[in-house]
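Here is the structure we will look at, set down as structure tokens.
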Amino acid sequence: MNDFPTSELLVNDDPADARLAHAALRRSEARFRAMSDASPLGVFVSDAQGRCDYSNVAYQKISGRCFEQTLGTTWSMAIHPEDRQRVLAAWHAAARAQEPFHSEVRFLREDGSVVWTRLNAAPLGDGGTAQAHVWTVEDISVRKSLEFVLCAAEEALFEEKERAQVTLNSIGDAVLTTDLLGNVSYLNLVAEAMTGWSREDALGRPLSEVFAIIDGTTRQAAANPAQRAIEEDRSVGLIADCLLVRRDGVESAIEDSAAPIHNRYGQVTGAVIVFHDVSQSRAMTLKMAHLAQHDVLTGLPNRLLMTERLSLAIGLAQRHGKQVALLFLDMDRFKHINDSLGHVVGDELLQSVAGRLVACVRATDTVCRHGGDEFVILLADIDKPQDAAHVAEKLHVASAVPHLVGGHELHVTLSIGISVYPDDGSDANTVMGNADTAMYHAKAGGRNTYRFFTADMNARAARRLLVEGSLRRALKQDEFVLHYQPQIDLVSGAMTGAEALIRWWDPDLGLVYPGDFISIAEECGLIVPIGRWVLREACRQVQAWRDAGLQAVPVAVNIAAVEFRQRDFVEGIATILQETGLASRYLELELTESVLMHNAESSGSVLEALEAMGVSLAVDDFGTGYSSLSYLKRFPIGTLKIDKSFVRDIATDANDATIVSAVIGMGRNLKQRVIAEGVETREQLAFLQTQRCGEGQGFELSYPLSADDFTRLLAGGDDLQPWCRPAGWDQGPVSPCAC
Ligand code: C2E
Ligand code: MG
Ligand code: MG
């Protein structure tokens, strides 16, 4: 081991002194070595050549080299090669400037591990060569690794902050934060744009100044959501219809929420408000809501909204002891206009009618399109039902003015049903249903009129429903039968024909006459299959009589308007004749005047086709329908049946007698058969005979007979020849039938 330099301790030449000095020197040296080795600082002494001539234990430990390994090495040898250049450059620079040298460098230890150190160099200053230096080396690995951790944490924090910043500025939502006092502490870019406040201007200002919100409905300042979030320490939503007033006064609908911000101890330190512009979606929602509650064609409230308003009006009326009226309107014959002039005209007409209706009522009333050609008007506050009647009259007057649509002058009339709360129902559905029922009665009562709902209408409506259901079953279960009423030549007494009249054997109700179900069958469309059945059955029966060798007469079948309007009506008749094998001259169709006139154009061609087929035509209930007689000449009509209402009073009412005589005369001139219906008395019969009426039909001559009775009649049964007067005539005519 090399000794510590001792030359400076040799003070004289005396051997005893020299020994003493030597011993003192060795002690001092040992003490110094002990002190040096006790130090945690590494010490490395380099000579003028920069080579090590001393290192202490700490240095050896730091450098990972033993004393011997350090001796003779240069001070920079233990430095990590990657740091060496830098350190040498710094060392030379310090030496040139004669400044103390220190540097933080890595030592590469013998075992390859790395240790961070702080290196200091100072000239030894021992009076010897000025190039000798003492190096102290401090192990700073712990501090360094702490520094690294801190640095990494700082970097992570920075990254996190950066990420948050970028995120906050790139999301579509506006974000604004406040401190505990409610002063603005942050705004992202969207918040800047939406509030109109730059971050610079906004920071530190009270929230209410930067984030000015009002209630869209009341237009009052809305409560500050941040304050609530802070006070209640929970997320809170903004009010429903919230408007943000930008710095320049422009308003936008916003939506969203505020939440408290906490520090690491869970204490509330402020609040964050996140909001976004919902102007577009709110406008869309409003539009959707409008669409859901309004009719697209007319823009009027639809049934949904009407029901809502009606319920509301009933609720209010109940509280204030008021009345509410509901008018149910149906345009008469709209279908006809729509079918003949097309949907475009139909649509425009509906719009025109809607406009008129709205003009007739107060702004507080509601006009709704209920669907198709039906409208409903709600008079939310009336004093007496008569007020509703006045409105109905006003509507009739307004609708009397023709509508100019697509170059057409269209006349529209309205059938109106009225029901009133509380008299006619205590809830919206009942009031609405009863107004509908009343409308139906207005229509049945001659159109262009109005009817108040009455309790017995409901009974009828219920009955209608019942009958409709039963009719469907009747068709399936074959519950219909035909009776045949003879038509008699009033001169010879011979039977010239028979009218087929339908009856319904209902298992519950017994025998039902057509007056009780035909109109219902017409309304629900069941008349078409029923009519088919009647035609087929009548044709089949007459052919059966003929096949049986009986003296069969032509059969007259009543045809309803709906049947006549069927596109395949003529083909249907042809098919039935073909299927039953009946010659067409045995079939006559009875049509009323209104059926003929309703579709005068198309009627003509249908009637001609029937005539060409050999089927004859009769006008039923003549005199009760249209007054126009021109069709009698235009259409191929073979028979006129004078309605029984005229026949009833011919013996007593001069007017009726005159009408009947005129019809008889007209028929004779036009070479048409004339049959008087409803001949009930001998007086009537006598009158008709004196007027030279061709034929008659009525109870005085014969009741309608069941098929069996009629068969016996055809077979010449003695008991069944009332019009020939002999047997049984005095007891009255043939009885209705055994049923
Ligand atoms: P309508 O075609 O005018 O038939 C004559 C009606 O007068 C029959 O009533 C008949 O029973 C009745 N009648 C006959 N003689 C007299 C009389 O002397 N006095 C009185 N007061 N009435 C008499 P019904 O059978 O009740 O039929 C009523 C109406 O029902 C018919 O009137 C016809 O319009 C319709 N109808 C009957 N059967 C059918 C049918 O198969 N199809 C269609 N669509 N309608 C039918
Ligand atoms: Mg008839
Ligand atoms: Mg008739």
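Starting from 1, each residue takes its place in the sequence as its number. Because the structure is predicted, anything quoted here is derived from the model rather than measured. Whatever order the structure lists them in is the order used to number ligands and atoms, beginning at 1.
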the protein heavy atom lying closest to atom 18 (O) of ligand 1 turns out to be Phe699 N, 2.8 Å
What orientation do Tyr484 and Trp545 show, parallel under 30°, tilted 30 to 60°, or perpendicular over 60°? perpendicular
Ligand-residue contact atoms, ligand 1 with Gly678, heavy atoms, under 4.0 Å: 16 (C), 17 (C), 18 (O), 19 (N)
Could you tell me if the ring centre of His370 sits under 6.0 Å from that of Phe375? no
Whether over 12 other heavy atoms sit under 6.0 Å from Gln578 CD: no
For the Mg ion (ligand 2), find the closest N/O/S atom on Glu499 and give its atom name. OE2
Tell me which protein heavy atom sits closest to atom 19 (N) of ligand 1, plus the residue, atom name and distance to 0.1 Å. Glu680 OE2, 2.5 Å
For atom 5 (C) of ligand 1, what's the nearest protein heavy-atom neighbour? Residue, atom name and distance, please. Glu677 OE2, 3.8 Å
Looking at Asp621, which atoms of ligand 1 are within less than 4.0 Å of one of its heavy atoms? 3 (O)
With backbone taken as N, CA, C and O and side chain as the heavy atoms from C-beta onward, which portion of Gln485 lies under 4.0 Å from ligand 1: side chain, backbone, both, or neither? side chain
Could you tell me whether Asp330 and Lys443 make a salt bridge, using a distance below 4.0 angstrom between a side-chain N and a carboxylate O? yes
Nearest to atom 34 (O) of ligand 1, what protein heavy atom do you find, and at what distance? Asn558 OD1, 4.3 Å
Take Phe453 and Thr437 through the test side-chain contact (heavy atoms from CB on, under 4.5 Å) and record every step on the way to the result. CA-CA 7 Å; Phe453 173 76; Thr437 304; 4.3 Å; yes
May I ask you to check if ligand 1 and Ile502 share an N or O to N or O distance below 3.5 Å? yes
Strictly less than 4.0 Å: does any protein heavy-atom distance to atom 9 (O) of ligand 1 fall in that range? no
Less than 4.0 Å between a side-chain N and a carboxylate O, is that true for Glu374 and Arg303? no
Lys641 and Glu499 ion-paired at < 4.0 Å: yes
Near Pro704 (heavy-atom distance under 4.0 Å), the atoms of ligand 1 are 11 (O)
From the candidates Lys644, Lys641, His483, the one that places a heavy atom nearest atom 12 (C) of ligand 1: Lys644
Protein N, O or S within less than 2.8 Å of the Mg ion (ligand 3), waters excluded: Asp620 OD1, Asp621 OD1, Glu677 OE1, Glu677 OE2
Should you measure from each heavy atom of Arg503, which atoms of ligand 1 turn up under 4.0 Å away? 11 (O), 25 (O)
Looking only at protein heavy atoms, identify the closest one to atom 24 (P) of ligand 1 and say how far it is in Å. Pro514 CG, 3.6 Å
Here the pair of heavy atoms bringing Arg356 nearest to Pro402 is NH2-O, 3.3 Å
Looking at every non-hydrogen atom in both residues, tell me the closest pair between Leu714 and Gln551 and how far apart they are. CD2-O, 3.5 Å
Just distances here: any N/O of Tyr513 and N/O of ligand 1 closer than 3.5 Å? no
Contact atoms of ligand 1, heavy-atom distance to Val679 under 4.0 Å: 18 (O)
Return yes when at least one protein heavy atom is under 4.0 Å from atom 32 (O) of ligand 1, and no when none is. no
Considering all heavy atoms of both residues, which atom of Ala715 and which atom of Leu550 are nearest to each other, and what is their separation? CA-CD2, 3.8 Å
Proximal atoms of ligand 1 relative to Ala560 (non-hydrogen, under 4.0 Å): 44 (N)
Distance-minimising heavy-atom pair for Ala561 and Glu522: N-OE2, 4.3 Å
Are any of the side-chain nitrogens in Asp506 or Arg473 under 4.0 Å away from the carboxylate oxygens of its partner? yes
With a 4.0 Å cut-off, would you call Lys335 and Asp373 a salt bridge? no
For ligand 1, which atoms sit closer than 4.0 Å to a heavy atom of Asp620? 1 (P), 2 (O), 3 (O)
Shortest non-hydrogen separation from Phe646 to Asp656 and the atoms involved: O-CB, 3.5 Å
Quick note on ligand 1: atoms under 4.0 Å from a heavy atom of Glu590 include exactly 2 (O)
If you measure from each non-hydrogen atom of Glu700 to ligand 1, which part falls under 4.0 Å: side chain, backbone, both or neither? neither
Apply side chain to side chain donor-acceptor pair (under 3.5 Å) to residues Glu588 and Thr639 and explain how you reach the verdict. CA-CA 9 Å; Glu588 183 175 61; Thr639 308; 2.7 Å; yes
Is Glu677 close to Arg648 at the side-chain level, that is, under 4.5 Å between some pair of heavy atoms? no
